[in-house]
Amino acid sequence: MSMTTQIHEKFVALFGEGGEQYAAAGRINLIGEHTDYNGGYVFPGAIDKGIVAEIKLNGTDKVRAFSIDCDEYVEFSFQNDEALPGQQWARYIFGVCREILKRGGKVAGFDTVFAGDVPLGAGLSSSAALESCYANAINELNGNGFDKFELAKIGQSTEHNYCGVKCGIMDQFASCFGKAGCLIRLNCKTLEYKYFPFDSKGYKVVLIDSCVKHKLASSAYNKRRESCENAAAAIRKNHPEVEFLSDAKRVWLDEVRDRIPEEDFLRAEYVIGEVQRVLDVCDALERGDYETVGEMMYQTHFGLSRLYEVSCEELDFLNKLARKMDVTGSRVMGGGFGGCTINLVKEELYEDFVNAAKEQFTARFGHEPKVYDVVVSDGARKL
């Protein structure tokens with residue numbers, strides 16, 4: 001049974017008659033990692049895995065919601081003095097309602113059932129898909145007229161204010177703005193964006209999930225942000241126009257090398273290189289040059305592993321294996337310290353690569369990695 005049918009049947013069983021169905025996607029980021037908080041570019045796309053929700057106004061000021069994946073039912077009100085729901089998944093829906101009200105939008109009570117096929121914990125932004133799905137649905141059903149940018153910001157504010165995650169805008173942006181066959185270059189400083197064709201005929205995009213998450217992640221993330229801010233502040237003394245590290249030229253970093261700790265220098269060296277790599281990948285895609293795209297992905301992995309130091313043994317192993325097997329491009333995707341590698345693989349090499357990754361990774365680390373094929377697809381929409 002398809003996911004949409006399953007959702008509809010559950011909805012009718014719980015609430016009597018059916019509602020409207022909405023969907024939003026998870027995302028990949030082809031290149032441009034740890035550049036968002038440095039005011040640089042990211043290069044995401046929505047994927048063919050996401051969240052689908054059936055929803056219908058119910059004439060009350062309450063939300064009655066059922067999560068198929070968690071097999072849980074919750075009722076809550078979203079008025080001013082209401083407490084947060086206990087269930088984490090319900091907080092996303094609650095947060096979206098509150099953020100719409102804060103912006104002067106209207107939210108009427110509704111019934112809803114949802115499910116998803118975004119693999120959890122793989123760094124594909126299942127939470128952003130959930131937020132974008134409900135932001136879009138509630139916006140349309142109440143005739144609020146918020147544009148896609150506002151919907152993405154509603155999702156981001158939900159993370160900040162109700163889920164305790166100080167995320168950038170990329171995940172929600174990709175989920176709202178995604179377009180089949182295109183990746184989106186987003187300037188995280190100006191929020192200007194441009195679509196680029198990603199017509200990867202002859203190639204597959206495959207994620208190999210190491211199924212590990214090392215403890216370091218959040219403290220190490222904050223430390224790296226600090227390093228980048230320190231380097232930018234040192235460069236700013238010579239070049240006052242540098243607001244973010246992404247504004248700096250490589251030679252300007254060399255000028256302050258003896259004034260900042262070596263660790264800060266290495267972090268900044270990675271970021272300045274990565275900003276340029278995103279631009280190089282965009283140029284390569286416009287001329288259909290996937291070999292250059294792949295080479296840039298390998299360079300990013302090297303930088304994340306050696307300069308930014310957010311990789312780990314498992315991810316380095318998968319990256320080296322990809323190189324050895326002539327995979328076009330491979331790198332760690334997301335914050336690091338575990339999670340997935342994203343790989344650009346020629347179709348004729350695909351099966352051998354996936355089999356080798358499973359066998360050799362299992363032999364080395366004692367558990368099998370998960371494999372997800374992804375296709376660049378449309379973002380938030382009504383079905």
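Since the model is a prediction, treat every value here as computed from it, not as a measurement. We count residues from 1, following the sequence as given. Heavy atoms only: backbone and side chains are in, while hydrogens, waters and symmetry mates are out.
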With [X] via side chain to side chain contact (heavy atoms under 4.5 Å, CB included) - residues at least two apart:
| X | result |
| --- | --- |
| A23 | V52, R381, L383 |
| Q360 | F317, L321, K324, A356 |
| A24 | S132, C133, S175, A380 |
| N161 | E99, K102, S157 |

ask   = Taking the six-membered ring for Trp, is the centroid-to-centroid distance between F149 and F177 below 6.0 Å?
value =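 Yes, they do, as the ring centres are separated by less than 6.0 Å.
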Aromatic ring proximity, centroids under 6.0 angstrom, H34 and Y270 =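 When the ring centroids of Y270 and H34 are compared, they turn out to be at least 6.0 Å apart.
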ask   = Is R91 positioned over the aromatic face of Y162, cation under 6.0 angstrom from the ring centre and no more than 45 degrees off axis?
value =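 Not flagged: R91 not positioned over aromatic ring of Y162.
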message = Check for me whether R185 meets the cation-pi criterion with F196, that is, NZ or CZ under 6.0 Å from the six-membered ring centre and within 45 degrees of the ring axis.
response =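 The answer is no; the distance or angle limit is not met.
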message = Checking ring pair (Phe, Tyr, Trp, His ring centres under 6.0 Å) between F114 and each of Y92, F66, W89, F11, which is the one that passes?
response =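 Only one option passes, and that is W89.
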key: Partners passing salt bridge (charged side-chain N to carboxylate O under 4.0 Å, His left out) against K382 (at least two apart in sequence or in another chain)   =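 Residues passing salt bridge (charged side-chain N to carboxylate O under 4.0 Å, His left out) with K382: E20.
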ask   = Among all residues two or more places apart in sequence or in another chain, which pass the salt bridge (charged side-chain N to carboxylate O under 4.0 Å, His left out) test with D48?
value =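 Salt bridge (charged side-chain N to carboxylate O under 4.0 Å, His left out) check on D48 returns nothing, list empty.
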ask   = Under a 4.0 Å N-O cut-off, is there an ion pair linking R236 with E241?
value =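 Salt bridge absent between R236 and E241.
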